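Read through the structure below, which is laid out as structure tokens, and then see the notes.
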Amino acid sequence: MITKADLENVAGLARLKIAVKDEKDYLAKLSQILDYMRDLAKVDTKKVREPVDIFKRNSVARADKIFKSAISQKELLQNAPAVEGGQIKVKKVL
Amino acid sequence: MADIAKIKAADKKIGAFVNFKNGSKNEPFSGAIKDNLVTTNLPTTCSSKMLEKFISPYEATVVQKLHEAKLNWIGKTNLDEFAMGSSTENSAFGVTKNPWDLTRVPGGSSGGSAAAVAAGMVDWALGSDTGGSIRQPAAFCGVVGLKPTYGRVSRYGLIAMASSLDQIGPITRDVKDAAQILQIIAGRDEMDATSVDEPVPDYGEALTGKIKGLKIGIPREYFGKGLDPEVKKKVEEAIKILEKQGAKIVPISLPHTPHAISVYYIIQSAEVSTNLSRYDGIKYGYSDNRGDNLLSVYLNSRSQGFGAEVKRRIILGTYALSAGYRDAYYKKATKVRKLIRQDFDEAFKKVDIIATPTTPTTAFKIGEKADNPLEMYLSDVFACSANLSGNPAISVPCGFDKNKLPVGLQLIADHFEERKLLNAAYAYEQKRGFDIEYPKFV
């Protein structure tokens with residue numbers, strides 16, 4: 001069960017706005033999914049340690065050398081909605 | 001490959017493609033690419049309004065490798081938005097139809113890729129599989145779909161959905177073609193730290209069709225409640241064909257299977273919620289800058305750019321990771337994931353291959369599950385475990401139900417045992433005793 005307050009809190013954290021008309025639908029569907037997931041509580045995991053790497057791979061550290069990207073600044077900025085002086089333009093923070 | 005004009009005409013009925021490449025030529029062995037793999041010469045939309053106009057400044061490693069192998073591809077295929085869905089109905093650019101029955105879904109999320117191969121528009125297509133998204137549509141469309149071992153194929157340039165589960169693989173009409181495409185795309189890539197430095201063996205050479213003495217495990221958890229009797233019958237017949245060729249059939253148990261869907265949808269949603277935080281209306285993608293501060297740009301761009309299912313999963317994942325709920329959901333799911341992985345590790349001490357149905361039913365009707373996300377999620381019940389455990393798995397057509405809809409046999413192997421997996425699938429394919437007459441569209 002997920003409450004309206006939970007939904008508002010989580011949507012805020014996720015930077016999403018849920019329209020008032022859609023709240024009921026979100027709550028009903030999310031509650032149904034979360035109720036189904038309750039079956040996990042039945043699994044005994046007392047002796048299971050939270051895995052760090054499920055695939056048991058060794059460290060993938062590599063030599064710390066500078067890698068020159070083939071992508072130019074112009075190409076990187078081509079999809080930005082607002083650019084000024086070679087930089088991405090944003091609205092005021094506050 | 002058929003004439004490009006005919007393919008475009010056929011696509012008006014099927015809706016497999018999001019974009020066609022300009023000046024596509026009629027070359028033999030042409031393919032298509034799922035539209036969540038970045039390309040520099042066509043937009044990469046992820047079938048989302050969020051990326052409708054996005055043109056990547058770089059190309060995915062798999063796309064570069066296809067280019068180096070001189071393989072031609074003609075366009076980008078439709079998917080559920082950001083690969084979230086099992087029916088290719090959640091696309092901002094229209095629903096893809098199943099070529100076997102245009103009133104039914106092709107499965108998803110690589111539904112466009114599977115439909116394009118089944119309809120004869122292309123000989124091969126690339127898909128991505130996070131919880132069955134190659135194998136489930138392959139089963140629904142009567143084609144072969146291979147999810148390689150996690151780390152076998154570079155994910156560089158695959159737009160991230162759930163990074164610990166995503167894997168790229170081929171969809172083809174037969175096992176030999178799947179082996180050929182895997183040969184091209186497999187291997188370690190400096191640009192993907194999770195790609196593994198394992199030698200890439202010759203997959204074509206492994207296709208001997210000889211499986212005498214091969215031990216095939218049949219997990220009882222995959223043949224119980226919820227499995228359509230017609231699907232069950234076809235899969236059991238397929239297992240008999242493998243047995244006739246000398247394979248040894250071994251009953252096994254994968255005891256944590258009933259929890260796979262819960263584990264999968266918690267971990268996947270959690271990873272979705274973090275991966276998709278990059279879409280903020282600032283750097284690229286859909287942007288609504290009408291508000292008067294930065295926060296309003298984030299809120300408006302994300303709320304309008306994403307579709308309903310994507311938003312639902314972001315919220316679910318954020319919830320599962322949030323203070324007060326993390327232990328009960330995310331942490332618990334990662335522990336049970338470990339148990340699911342152990343189930344497979346134990347099983348592969350006893351057997352070489354595991355055989356199951358790919359899906360519990362054949363293709364369902366368009367709209368049938370569209371408003372019931374939990375029902376939709378359950379269509380991945382047999383496929384998602386192999387993503388949680390990282391094992392390679394393949395779906396091969398194994399017959400038809402009374403509505404003439406294809407049924408898929410799923411084979412699973414131990415990590416990096418794609419040779420064994422492909423050969424078992426090939427051995428079945430050679431002896432299955434029927435030819436597939438694909439519907440004619442081109």
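The model shown is predicted, which means the values in this text are computed figures rather than measured ones. Numbers restart at 1 for each chain; the letters A, B, ... are given by sequence-line order, proteins then strands. No hydrogens, no waters, no symmetry mates; every other heavy atom, side chains included, goes into these values.
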ask   = What orientation do B/H415 and A/F55 show, parallel under 30°, tilted 30 to 60°, or perpendicular over 60°?
value = tilted
Distance, nearest 0.5 Å, that separates [atom1] of [X] from [atom2] of [Y]:
{"X": "B/I315", "Y": "A/K29", "atom1": "CD1", "atom2": "NZ", "result": "12.5 Å"}
{"X": "A/E50", "Y": "B/Y330", "atom1": "CD", "atom2": "OH", "result": "7.0 Å"}
{"X": "A/D6", "Y": "B/S322", "atom1": "CG", "atom2": "OG", "result": "7.5 Å"}
{"X": "B/N372", "Y": "A/Q32", "atom1": "CG", "atom2": "CD", "result": "5.0 Å"}
{"X": "B/N289", "Y": "A/K89", "atom1": "CG", "atom2": "NZ", "result": "9.0 Å"}

Interface moiety of [X] toward chain A, non-hydrogen atoms closer than 4.5 Å:
{"X": "B/S273", "answer": "neither"}
{"X": "B/T194", "answer": "backbone"}
{"X": "B/L378", "answer": "side chain"}
{"X": "B/R337", "answer": "both"}

A/P51 to B/T334 - nearest heavy-atom pair and separation = CG-O, 3.4 Å
task = Can you see which heavy atom on A/L40 is nearest to which on B/K332, and at what distance?
result =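 The pair with the smallest heavy-atom distance is O-CE, 3.0 Å.
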task = Answer yes or no: is there an ion pair linking A/K92 with B/D292, defined by an N-O contact shorter than 4.0 Å?
result = no
message = Before you tell me yes or no, could you show the steps for B/Y319 and A/L34 under side-chain contact (heavy atoms from CB on, under 4.5 Å), namely the whole-Å CA-CA distance, both residues' side-chain angles and the distance that decides it to 0.1 Å?
response = CA-CA 10 Å; B/Y319 180 83; A/L34 289 166; 3.5 Å; yes
ask   = Side chains of B/P57 and A/Q78: does their closest heavy-atom pair fall under 4.5 Å?
value = yes
key: Under 4.5 Å from any heavy atom of chain B - which part of A/Y36   =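 It is both, since atoms from each part get that close.
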request  = Below 4.5 Å from any heavy atom of chain B, which atoms of A/L77 appear? Answer side chain, backbone, both or neither.
outcome  =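 Contact with chain B is absent: no heavy atom of A/L77 under 4.5 Å.
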